[in-house]
Amino acid sequence: MNAPGDVLVVGASAAGLATVEALRRKGYEGRVTVLGAEAHLPYDRPPLSKQVLAGSWAPGQAQLRTPAVLSALDAEFLLGDPAAGLDAAARAVRTAGGRELTAEAIVLATGLRPRTLPGQDGLAGVHVLRTLDDTLALRADLTPGKRAVVVGDGVLGTELAATLCGLGVPVTLAGPQPAPLACQFGPLVAELLAKLHAGRGVQLRLGAAVTGLADEAGRVAGVCLDSGEVLPADVVVVAFGAAPATEWLSGSGVLCDNGVVCDSRCRAADGIYAAGDVARWHHEGLDLLLRLENRTNATEQAVAVAGNILGEDRPYTPVPYFWTNQFDARIHVHGTLSADAEVSVVDGDVAGGRFVAQYRRDGEVTGVLGWNMPKQARQRRQEIAGVPAFAGGQA
């Protein structure tokens, strides 16, 4: 396969930038254009809920590369102009600003959009956290004396609760699970997280679904639970998940079903690829359609996409991996976990705050979780069933 004469990357975040860098690193000399919905140069998202929100980083510190490094990539960055439509057959992208961009190869890396609550739009004091501007708006709203409620007991919600608590903001964490991340980590680790948050001052209102918001004179006043309780709030952060940003692909000729559906080469159609949070591809090692929402996958999948654009013809077969930092807990996960797995501690000690837990289903190891033991958890990932077949070396 000959390399395409030009490449258009739709999405200027981690996956999009990593695609460009990988193309150049692999020797591609053709024209590259990057289309970004936001006006900002590419930045990293994990620090938004931690260092940037906490104020320990200036916003500029989240930038992934300096302007000089970006300039050396010899790519054209068209920022602040969201993609509005795609014609896959013609390999043409239409933008909200009226541009029409064509290329021999197109990479879809538009990421996610936050889910919201009914009645949230236009209500002062209610926030989501996906972009740098979201984070700065939330931080500006955290004036002294305000009470916060975080809606969502997953990774982002628990990270936000920890950061707000560290800022001295009275914070309540609300969600339907019995403990934070219970459906993902299972009872052992979830209960440890609950104890960690409660011990640091986070008020937990878990096990009840959020049904809506209470307001007074156009500003949020509380969060309504299906138990009938209303949690008082001056600031609410809605963080109960996100959906792939694929609405703009309606009628494009690309199949979208919980993401952009791709083959094992991350190819959605002839000359059309997807990378990062928006991509749902066939993982040959696991023999299933998989979509991963984490920073590591965004970079590794971009490298695989760049290689396949240039004719390497290799399946993308990573070991799923993500991490989260909450208070003094550094949690690293390799493989796949489930709430009903058999969990055993294989290294360290739970009481000592440092351990590795192994997750088994049907007698096979499916994943490992390290709590303040990142090196040991990584070493244990070789015990995951099927790792020799799909470990990869994608980065």
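We number each residue from 1, following the sequence as shown.
- Looking at Thr246, its side chain never comes within 3.5 Å of a backbone N or O of Gly259 through a donor-acceptor pair.
- Counting non-hydrogen atoms of other residues, nucleotides and ligands closer than 6.0 Å to CZ of Arg330 gives a total above 12.
- Checking side-chain atoms of Arg91 against main-chain N and O of Ala103 turns up no donor-acceptor pair under 3.5 Å.
- For Arg24 (side chain) and Tyr28 (main-chain N/O), a donor-acceptor pair under 3.5 Å exists by modelled atom type.
- The closest donor-acceptor contact from the side chain of Asn294 to the backbone of Tyr321 lies under 3.5 Å.
- Judged by distance alone, with hydrogens and angles left aside, the side-chain atoms of Arg94 form no donor-acceptor pair with the main-chain N or O of Glu100 at under 3.5 Å.
- Heavy-atom neighbours of Arg378 CZ from other residues, nucleotides or ligands within 6.0 Å: at or below the threshold of 12.
- None of Val150, Val52, Leu160 except one satisfies the side-chain contact (heavy atoms from CB on, under 4.5 Å) rule with Leu129; the exception is Leu160.
- Aromatic ring orientation, Trp371 versus Phe355: parallel (interplanar angle below 30°, classes split at 30° and 60°).
- In this structure, Asn372 contributes its side chain and Asp328 its backbone to a donor-acceptor pair below 3.5 Å.
- Side chains of Val10 and Trp248 form a contact here, defined as non-hydrogen atoms less than 4.5 Å apart.
- Annotation for Asp340: atom CG counts as buried by contact number, over 12 foreign heavy atoms lying within 6.0 Å.
- Relative orientation of the His40 and Tyr43 rings is perpendicular, given thresholds of 30° and 60° on the angle between their planes.
- Ring-centre distance between Phe327 and His197: below the 6.0 Å cut-off.
- For Tyr316 (side chain) and Glu284 (main-chain N/O), no donor-acceptor pair under 3.5 Å exists by modelled atom type.
- Counting heavy-atom neighbours within 6.0 Å of Gln61 CD, excluding the residue itself, gives a total above 12.
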